[in-house]
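Report on one structure; see the data block that follows.
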Amino acid sequence: MPPADPIPETGIAAPAVAAAPVVAAAPVVAAVVPGAGARADAGAGQGADSDARPGADLDLLDRIAAWGPADTPAGRFHLVPARVERDLALISRWMNDPAAAQFWELAGPQEVTRDHLRAQLAGDGRSVPCLGLLDGAPMSYWEIYRADLDPLARHYPARPHDTGIHLLLGGVADRGRGLGGLLLRAVADLVLAQRPSCARVIAEPDIRNTPSIAAFLTAGFRFSAEVDLTAKRAALMVRDRPLRHLL
């Protein structure tokens with residue numbers, strides 16, 4: 001799956017098996033390096049030309065489109081499921097930023113990003129690509145995914161409904177000023193509030209992506225272990241529901 005924000009990679013996670021990497025450079029650029037599953041899972045059902053998901057009725061992630069906005073110290077933040085025809089050019093431009101490309105590995109022509117998005121959109125809903133809007137302006141790319149249904153689950157003691165996060169901060173101006181940690185906390189809170197069956201939020205940034213790991217720690221995640229994924233050695237980060245209001 002993909003990453004967190006590089007915070008450069010605040011969110012983190014470089015795709016281990018099928019996720020989409022995140023990025024992190026010195027500033028918060030692409031916060032998450034894709035994890036093990038984002039990119040791998042995305043392959044299911046690939047090939048559809050529309051954004052409609054055949055398995056959308058399964059609600060594997062409890063209708064992200066209906067989660068609504070969250071108020072943060074930086075402004076009102078809203079996760080909006082991505083649409084290829086509307087968002088491809090913007091997301092592809094972000095993926096071609098060198099700081100993000102290092103971890104997401106989606107640099108190149110728009111077709112590279114298009115195929116990555118369509119693979120998720122045509123799947124069963126276990127990974128949902130989203131734009132992050134701050135006060136109405138798109139400024140980050142996210143992947144919310146079922147970690148317990150992802151290849152990542154083979155590398156740690158997964159629990160039912162574990163939910164993973166990948167984050168990429170798109171604009172250079174949004175990196176290196178603490179936004180990654182702030183938004184990761186907001187999204188983790190949204191996941192725990194909107195998915196009552198989920199007890200933990202998971203992330204797997206590249207172990208080399210220290211800015212991203214720092215962002216997750218700032219957001220209330222704890223370092224659990226180092227895990228060897230297909231494309232990277234990752235830091236397994238966990239946000240526990242019981243600590244939601246304490247960290």
Kindly write out the residues that satisfy side chain to side chain contact (heavy atoms under 4.5 Å, CB included) with D87, not counting sequence neighbours, or none if the list is empty. A82, R83, I91, L131
Which atoms form the tightest heavy-atom contact between L60 and G125, and what is the distance? CB-O, 3.8 Å
Between the side chain of R177 and the main-chain N/O of A173, is any donor-acceptor distance below 3.5 Å? yes
Gap between atom OG1 of T163 and atom CD1 of I144 - 0.5 Å precision: 8.5 Å
Steps toward side-chain contact (heavy atoms from CB on, under 4.5 Å) verdict (W67, H78): CA-CA 8 Å; W67 284 8; H78 198 176; over 6 Å; no
Do Y145 and I165 make a side-chain contact, defined as non-hydrogen atoms from C-beta onward lying under 4.5 Å apart? no
Would you check if V201 and L192 make a side-chain contact, meaning some heavy-atom pair closer than 4.5 Å? yes
Closest heavy-atom pair and its distance - I207, A235: CD1-CB, 3.7 Å
Indicate yes or no: at least one non-hydrogen side-chain atom of R114 is less than 4.5 angstrom from one of V84. yes
Any side-chain to backbone donor/acceptor pair from R76 onto L134? Under 3.5 Å, distance only. no
List the residues meeting side-chain hydrogen bond (donor to acceptor under 3.5 Å, both in side chains) with T113, not counting sequence neighbours, and say none if there are none. none
To the nearest 0.5 Å, how far apart are OG in S127 and CG in L61? 8.0 Å
Got a sec, which residues hit side-chain hydrogen bond (donor to acceptor under 3.5 Å, both in side chains) with H161, two or more places apart in sequence or on another chain? R195, S197
Going by salt bridge (Lys or Arg N to Asp or Glu O under 4.0 Å), name the pairs with one or both residues in residues 155-172, residues two or more places apart or in two chains. D162-R200
Side-chain heavy atoms of V128 within contact of C130, under 4.5 Å: yes
Strictly distance-based, threshold 3.5 Å: is any side-chain N or O of N96 a donor or acceptor partner for the main-chain N or O of S92? yes
Under 4.5 Å between any side-chain heavy atoms of V191 and R241, yes or no? no
What are the two closest heavy atoms between W94 and G171, and how far apart are they? NE1-N, 4.2 Å
Going by heavy atoms in the side chains, are P151 and T230 under 4.5 Å from each other? no
With sequence neighbours excluded, what pairs up with R233 under the salt bridge (charged side-chain N to carboxylate O under 4.0 Å, His left out) test? E226, D228
Please check: side-chain N/O of W142 versus main-chain N/O of V187, any donor-acceptor pairing under 3.5 Å? no
Rounding to 0.5 Å, atoms CG (L184) and CZ (F221) come to a distance of 6.0 Å
Polar side-chain atom of R222 near backbone of R239 as donor-acceptor pair, under 3.5 Å: no
To the nearest 0.5 Å, tell me how far F77 CZ sits from S140 OG. 4.0 Å
Heavy-atom pair with the smallest gap, counting every atom of L168 and A100: CD1-CB, 3.4 Å
Heavy-atom nearest pair, P81 first then R86, reads O-NH2, 3.1 Å
Rounded to the nearest 0.5 Å, the CG atom of D189 sits from the OG1 atom of T72 at a distance of 11.0 Å
Would you give the length of the straight line joining atom CD1 of I202 to atom OG of S224, rounded to the nearest 0.5 angstrom? 7.5 Å
T218: which residues meet the side chain to side chain contact (heavy atoms under 4.5 Å, CB included) condition with it, sequence neighbours left out? none
Restricting to non-hydrogen atoms, name the atom on A147 and the atom on A153 that form the minimum distance, rounded to 0.1 Å. O-CB, 3.5 Å
Go through H155 and L229 one step at a time and tell me if the side-chain contact (heavy atoms from CB on, under 4.5 Å) criterion holds. CA-CA 7 Å; H155 301 273; L229 302 178; 3.5 Å; yes
